[in-house]
*Asks:* 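This is the structure I want to talk about, given as structure tokens.
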Amino acid sequence: MTKFTHNPLLNCTLRTAGLASVNGAKFGLVRKKPDGTPRAHQGIDLACATGYRVYAVEDGVVVDVVKANSGFGWVVTLACNVGGKPVYPFYAHLSEIRVKSGQAVKAGDVIGLTGDTGNAAGMDTVAEGSHLHFGLKSRLSAGMGLSGWLDPLPYVTLK
């Protein structure tokens with residue numbers, strides 16, 4: 001498995017605060033709906049307080065910038081290649097976005113700052129569950145289930 005050229009954060013640690021276990025911070029059917037049935041988590045949650053730099057994991061182009069008040073909140077999506085295949089790194093809950101759609105980025109460029117936007121509102125310290133939601137799409141139009149999403153954990157180096 002090819003690791004990213006750069007991690008999305010300087011120190012990548014899975015979130016545990018506010019979750020039943022560390023597994024809830026991982027990719028897949030790891031969360032539960034109110035009725036107890038499994039719910040998809042389309043990425044990994046990396047613990048960090050708000051205001052930390054978020055980095056491009058590979059050279060690429062910014063293909064989407066969203067500033068929503070719900071769901072994933074403020075989001076940046078890149079288009080790049082890993083192991084010769086196109087992938088779309090997805091950064092959510094940002095407090096600041098420092099790139100524009102169509103902008104070329106290099107691995108290690110700062111693309112924004114961590115935050116508590118969308119459904120992470122109010123989580124502004126690690127103890128309260130503050131995190132970067134980092135996803136990886138196999139196609140730009142991935143939906144709310146797991147179709148079109150990849151597990152980003154094998155590509156990231158954890159602390």
Side-chain angles (χ1 to χ4, degrees), residues 1-4 6-9 11-50 52 54-58 60-83 85-95 97 101 111-159:
M1 177 66 54
T2 303
K3 294 283 189 183
F4 287 128
H6 200 284
N7 269 334
L9 298 171
N11 294 308
C12 292
T13 305
L14 291 174
R15 166 185 167 210
T16 55
L19 299 171
S21 75
V22 72
N23 284 335
K26 294 180 182 176
F27 174 84
L29 294 173
V30 296
R31 305 259 176 106
K32 298 219 185 280
K33 295 177 186 176
D35 67 2
T37 59
R39 179 173 66 90
H41 187 235
Q42 299 91 353
I44 57 175
D45 288 347
L46 299 172
C48 62
T50 60
Y52 279 82
V54 176
Y55 300 95
V57 293
E58 294 289 341
V61 176
V62 178
V63 292
D64 199 20
V65 173
V66 175
K67 290 186 174 180
N69 293 322
S70 60
F72 290 118
W74 290 21
V75 172
V76 170
T77 305
L78 306 178
C80 57
N81 285 295
V82 174
K85 295 182 181 182
V87 292
Y88 303 90
F90 178 88
Y91 306 78
H93 307 310
L94 303 176
S95 64
I97 295 175
S101 193
I111 60 169
L113 300 179
T114 59
D116 64 341
T117 58
N119 61 19
M123 296 180 190
D124 59 359
T125 67
V126 172
E128 293 169 331
S130 180
H131 65 282
L132 170 69
H133 176 91
F134 181 70
L136 187 62
K137 300 178 183 185
S138 61
R139 63 177 189 268
L140 188 55
S141 61
M144 291 308 295
L146 294 178
S147 179
W149 293 90
L150 303 168
D151 183 356
L153 192 56
Y155 299 88
V156 172
T157 302
L158 294 179
K159 180 181 169 189

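Along the sequence shown, the residues carry numbers beginning at 1.
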*Asks:* Tell me, which pairs form a salt bridge (Lys or Arg N to Asp or Glu O under 4.0 Å) where one or both residues lie in residues 145-155, sequence neighbours left out?
*Replies:*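 Listed once each, the pairs would be none.
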*Asks:* According to ring pair (Phe, Tyr, Trp, His ring centres under 6.0 Å), who are the partners of F4, at least two apart in sequence or on a separate chain?
*Replies:*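 In terms of ring pair (Phe, Tyr, Trp, His ring centres under 6.0 Å), with neighbours along the sequence ignored, F4 is linked to F134, Y155.
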*Asks:* What's the spacing between L140 CG and D64 CG if we round to 0.5 Å?
*Replies:*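 Taking CG in L140 and CG in D64, the distance rounds to 6.5 Å.
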*Asks:* Are L136 and I44 close enough that some pair of their side-chain heavy atoms sits under 4.5 Å apart?
*Replies:*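 L136 does not reach I44 side chain to side chain.
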*Asks:* Kindly say whether T114 contributes a backbone atom to a donor-acceptor pair with the side chain of S95 at under 3.5 angstrom?
*Replies:*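 Yes, because the side chain of S95 sits within donor-acceptor range (under 3.5 Å) of the backbone of T114.
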*Asks:* Might you point out which heavy atoms bring V126 and A47 nearest each other, and give the distance in Å?
*Replies:*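 Shortest heavy-atom contact: CG1-CB, 4.3 Å.
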*Asks:* Hey, can you pull the donor-acceptor pairs under 3.5 Å for the side chains in residues 11-22, sequence neighbours left out?
*Replies:*
residue, atom, partner, partner atom, Å
R15, NE, A17, O, 3.0
R15, NE, G129, O, 3.3
R15, NH1, D45, OD2, 3.0
R15, NH2, A17, O, 3.4
S21, OG, N23, N, 3.2

*Asks:* Hey, are the side chains of V63 and L78 touching, using non-hydrogen atoms and a 4.5 Å cut-off?
*Replies:*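 No, their side chains stay 4.5 Å or more apart.
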*Asks:* Partners of R39 by salt bridge (Lys or Arg N to Asp or Glu O under 4.0 Å), sequence neighbours excluded?
*Replies:*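 R39 satisfies salt bridge (Lys or Arg N to Asp or Glu O under 4.0 Å) with no residue once adjacent residues are dropped.
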*Asks:* If you define the side chain from C-beta out and look only at heavy atoms, does anything of P8 sit under 4.5 Å from V156?
*Replies:*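 P8 vs V156: side chains touch.
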*Asks:* Working to the nearest 0.5 angstrom, can you tell me the gap between H133 NE2 and H93 NE2?
*Replies:*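 Answer rounded to 0.5 Å: 6.5 Å.
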*Asks:* Would you please name every residue forming a ring pair (Phe, Tyr, Trp, His ring centres under 6.0 Å) with Y55, sequence neighbours left out?
*Replies:*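 Listed in chain order: H6.
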*Asks:* Would you say the side chain of M144 lies within less than 4.5 Å of the side chain of Q42, judging by non-hydrogen atoms?
*Replies:*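 Q42 reaches M144 side chain to side chain.
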*Asks:* Could you tell me which non-hydrogen atom of V65 sits nearest to which non-hydrogen atom of S101, and how far apart they are?
*Replies:*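 Minimum heavy-atom separation between V65 and S101: CG2-N, 3.9 Å.
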*Asks:* Side chains of N7 and L158, heavy atoms from C-beta outward: is any pair under 4.5 Å?
*Replies:*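 Side chain of N7 against side chain of L158, heavy atoms only: no contact under 4.5 Å found.
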*Asks:* Please identify which of these residues, L150, L153, L146, meets the side chain to side chain contact (heavy atoms under 4.5 Å, CB included) condition with F27.
*Replies:*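 It is L146; the other options fail the test.
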*Asks:* Where do V76 and L94 come nearest, in terms of heavy atoms and distance?
*Replies:*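 The answer is CG2-CD1, 3.8 Å.
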*Asks:* Under 3.5 Å, is there a donor-acceptor pair between the side chain of S138 and the main chain of G148?
*Replies:*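 A pair under 3.5 Å: yes.
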*Asks:* Among pairs that include at least one residue of residues 114-133, which meet salt bridge (Lys or Arg N to Asp or Glu O under 4.0 Å), considering only residues two or more places apart or in two chains?
*Replies:*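 Every candidate salt bridge (Lys or Arg N to Asp or Glu O under 4.0 Å) pair involving residues 114-133 fails, so no pair, neighbours aside, qualifies.
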*Asks:* Determine whether a donor-acceptor pair (N or O, by modelled atom type, separation under 3.5 Å) exists between the side chain of K32 and the backbone of P38.
*Replies:*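 No, K32 side chain to P38 backbone: no donor-acceptor pair under 3.5 Å.
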*Asks:* Evaluate the ring planes of F72 and W149, with Trp represented by its six-membered ring, and classify them as parallel (under 30°), tilted (30 to 60°) or perpendicular (over 60°).
*Replies:*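 F72 and W149: tilted rings.
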*Asks:* Is the backbone N or O of W74 less than 3.5 Å from a side-chain atom of T117, with the two atoms forming a donor-acceptor pair by type?
*Replies:*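 Looks like yes, one N/O pair under 3.5 Å.
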*Asks:* Rounded to the nearest 0.5 Å, what separation is found between the OH atom of Y91 and the OG1 atom of T77?
*Replies:*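 Atom-to-atom, Y91:OH and T77:OG1 are 9.5 Å apart.
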*Asks:* Looking at every heavy atom in both S147 and A142, which two are closest together, and how far apart are they?
*Replies:*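 That would be O-CB, 3.8 Å.
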*Asks:* Give a yes or no on whether the backbone of P154 and the side-chain of K3 come within a donor-acceptor separation of less than 3.5 Å.
*Replies:*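 Indeed, once roles are kept as given, a pair shorter than 3.5 Å links the two residues.
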